[in-house]
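Right, one structure below, let's go through it.
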Amino acid sequence: MPGRDSLELDLQILFWNVQTKNVLSREHGAAGQSIAAQAAALNCDIVIFCEVTNESMALCEIEELKRNVLIDHYAPDFSPRAQLTGQMQTDYDNGVALLQANTTRTRRGVNFTARADQLARSATSMASIGDAIVATGHYNPVAGMNAAQQQLSEHLVPLVAKYPYCHARDVAQNHRNYLIYSRMPLQCTFHQVTVASAQREIVEIEVGGSVIYAVHAPAFASGGRDTVQQLANLIVQQTGQGRQAVAIGDMNCDCEELQAYLAQHNTPMALGTTVSIVPPPALPAGQTTEFRSSLLRGRTLNKRLPPTQRSGGTLDYALVPAGTQASLQIAVGIDESDHAAVMLEV
């Protein structure tokens with residue numbers, strides 16, 4: 001929803017801190033499987049998970065390679081293997097062999113007999129699967145996915161069957177990983193959070209000439225506040241270059257707490273003049289919740305915004321250039337994760 005003097009973005013972006021869940025799990029009834037199914041059922045252009053397990057990083061590549069094998073079999077006119085030659089084709093075949101794909105005497109057409117969880121724990125296997133993914137790095141899967149959509153839905157986890165593009169970022173800090181799915185081609189780069197002693201990253205996602213920043217901010221008192229400031233500065237830099245930019249994430253700083261702090265200290269932050277906070281809709285009239293603020297030295301706030309984290313804080317929200325029309329909804333409540341999923345429409 002473009003606003004005055006803003007560039008059109010027209011995206012629905014889901015962000016979800018999944019609290020170290022494996023969102024590519026095939027285990028029936030597992031919290032990670034439920035989270036992934038709910039995310040896939042929403043009408044989003046981009047899905048951003050943070051705090052996914054290390055195993056999810058490996059399963060992301062395994063599922064992507066399975067998808068390519070299924071397209072090879074069910075939609076040969078769009079075969080990724082057929083576009084490869086020489087060493088690239090050899091690397092692809094070596095990775096595919098590890099999946100143990102059986103295409104004969106099976107009612108499902110293709111049957112993968114190798115256990116994905118065992119492959120994910122093998123560094124040697126994952127190196128070969130990684131080489132196979134690199135070999136098809138320039139392959140555009142959209143046409144093949146459209147041609148084989150029914151079969152993909154039968155064989156793959158919902159996110160992989162639905163979204164053609166994916167980026168997994170292992171930040172080497174015990175499950176502080178990002179997993180991003182997109183309907184559109186994307187490029188990801190990373191910024192180190194500048195808060196002292198915080199080993200966190202901001203993901204910069206470039207989609208169609210626009211930029212989305214996503215973050216899981218540090219969880220100590222000033223960590224979220226300073227990270228929001230850093231995000232605001234990045235948005236200002238991008239808009240100064242004529243590009244639309246927004247930010248979304250687990251800011252680890254309550255939205256109303258931050259606004260009260262800024263008002264109290266008259267802090268020279270970009271927020272309010274060039275960058276606006278986009279929170280979820282307020283609670284019904286007359287309803288409030290209490291939240292004890294660490295940023296305001298233990299002061300208790302009577303909040304008008306709903307919590308997005310089990311602590312009671314509204315920690316998950318967005319930032320947009322001032323004047324941009326945008327809305328943020330709680331798409332999935334606090335249940336399998338200790339955070340709600342929030343969806344930004346902009």
Side-chain angles (χ1 to χ4, degrees), residues 12 14 22-28 32-33 35-47 49 56-85 88-117 119-120 125-126 128-168 179-186 207-208:
Q12 289 184 311
L14 186 78
N22 178 4
V23 296
L24 297 181
S25 171
R26 289 180 173 270
E27 182 182 349
H28 182 68
Q33 185 188 57
I35 286 171
Q38 291 178 82
L42 295 168
N43 186 32
C44 299
D45 299 297
I46 298 173
V47 175
F49 297 111
S56 295
M57 300 290 99
L59 291 175
C60 174
E61 292 192 333
I62 292 170
E63 289 287 314
E64 183 177 343
L65 186 56
K66 283 183 178 180
R67 182 195 66 195
N68 289 344
V69 173
L70 292 167
I71 294 174
D72 284 333
H73 183 75
Y74 291 111
D77 288 346
F78 307 101
S79 166
R81 185 184 186 279
Q83 300 180 24
L84 303 175
T85 59
M88 290 292 193
Q89 193 172 86
T90 299
D91 288 345
Y92 181 80
D93 290 343
N94 290 339
V96 169
L98 293 170
L99 302 179
Q100 299 175 22
N102 179 11
T103 59
T104 61
R105 290 180 294 179
T106 170
R107 286 177 295 177
R108 299 185 69 192
V110 177
N111 185 37
F112 298 101
T113 58
R115 288 188 54 178
D117 59 337
L119 291 174
S125 296
M126 289 311 304
S128 292
I129 289 171
D131 288 342
I133 295 299
V134 170
T136 55
H138 295 292
Y139 171 68
N140 187 331
V142 173
M145 289 181 69
N146 290 337
Q149 188 57 54
Q150 180 179 342
Q151 292 85 0
L152 297 185
S153 298
E154 292 172 356
H155 287 83
L156 301 175
V157 296
L159 287 165
V160 181
K162 180 174 182 177
Y163 290 99
Y165 304 102
C166 176
H167 188 94
L179 187 57
I180 304 162
Y181 286 95
S182 174
R183 295 186 191 276
M184 299 148 290
L186 72 164
V207 178

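All residue numbers in this chain count up from 1 along the given sequence.
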- Message: Rounded at 0.5 Å granularity, tell me how far OG1 in Thr136 sits from CD in Glu64.
- Response: 6.0 Å
- Rounded to the nearest 0.5 angstrom, the CD1-OG distance for Ile133 and Ser128 is 12.0 Å
- Message: Between Arg183 and Lys162, is there a side-chain heavy-atom distance shorter than 4.5 Å?
- Response: yes
- Applying side-chain contact (heavy atoms from CB on, under 4.5 Å), run through Gln151 and Leu156 and close with a yes or a no. CA-CA 8 Å; Gln151 292 85 0; Leu156 301 175; over 6 Å; no
- Note on the structure: Shortest non-hydrogen pair, Val23 vs Ala36, comes out as O-CB, 3.0 Å
- Note on the structure: Here the gap from His167 atom NE2 to Ile46 atom CD1, rounded to the nearest 0.5 Å, amounts to 13.0 Å
- Query: So, for Asn22 and Ser56, which heavy atoms are closest and what is the spacing to 0.1 Å?
  - Reply: OD1-OG, 2.8 Å
- So, the side chain of His155 versus the backbone of Val110: is there a donor-acceptor pair under 3.5 Å, distance only? yes
- Query: How many angstroms lie between atom CG of Leu99 and atom OG1 of Thr113, to the nearest 0.5 angstrom?
  - Reply: 9.0 Å
- Under 3.5 Å side-chain donor-acceptor pair for Ser79 and Gln83: no
- Least distance between heavy atoms, Val47 atom then Ala39 atom: CG1-CB, 4.3 Å
- Message: Per the salt bridge (charged side-chain N to carboxylate O under 4.0 Å, His left out) rule, what does the pair list look like for residues 89-102, sequence neighbours excluded?
- Response: Arg81-Asp93
- For Arg26 and Gln33, the nearest pair of non-hydrogen atoms, with its separation, is O-NE2, 3.5 Å
- Asp131 CG to Tyr92 OH distance, which is reported to the nearest 0.5 Å: 14.0 Å
- Item | Gap separating the NZ atom of Lys66 from the CG atom of Asn68, nearest 0.5 angstrom | 13.0 Å
- Locate the shortest heavy-atom distance separating Pro164 from Ser182; write the atom from each residue and the value. CD-O, 3.5 Å
- Task: Of all the heavy-atom pairs spanning Ala120 and Ile62, show the shortest one and how long it is.
- Result: N-CD1, 3.9 Å
- Ile180, Ile35, Leu24 screened by side chain to side chain contact (heavy atoms under 4.5 Å, CB included) with Phe49, the one that passes: Ile35
- With sequence neighbours left out, write down each residue that passes side chain to side chain contact (heavy atoms under 4.5 Å, CB included) with Ala75, or none if nothing qualifies. Ile71, Phe78, Ala147, Ala148
- Item | Verdict with reasoning, Phe112 to Leu98, per side-chain contact (heavy atoms from CB on, under 4.5 Å) | CA-CA 9 Å; Phe112 298 101; Leu98 293 170; over 6 Å; no
- Establish, from distance only, whether the side-chain atoms of Tyr165 and Asn140 form a donor-acceptor pair under 3.5 Å. yes
- Query: Got a sec: does the CE of Met88 have more than 12 other heavy atoms crowding it under 6.0 Å?
  - Reply: no
- Please confirm whether the backbone N or O of Leu119 pairs with a side-chain atom of Ser125, one donor and one acceptor, at under 3.5 Å? no
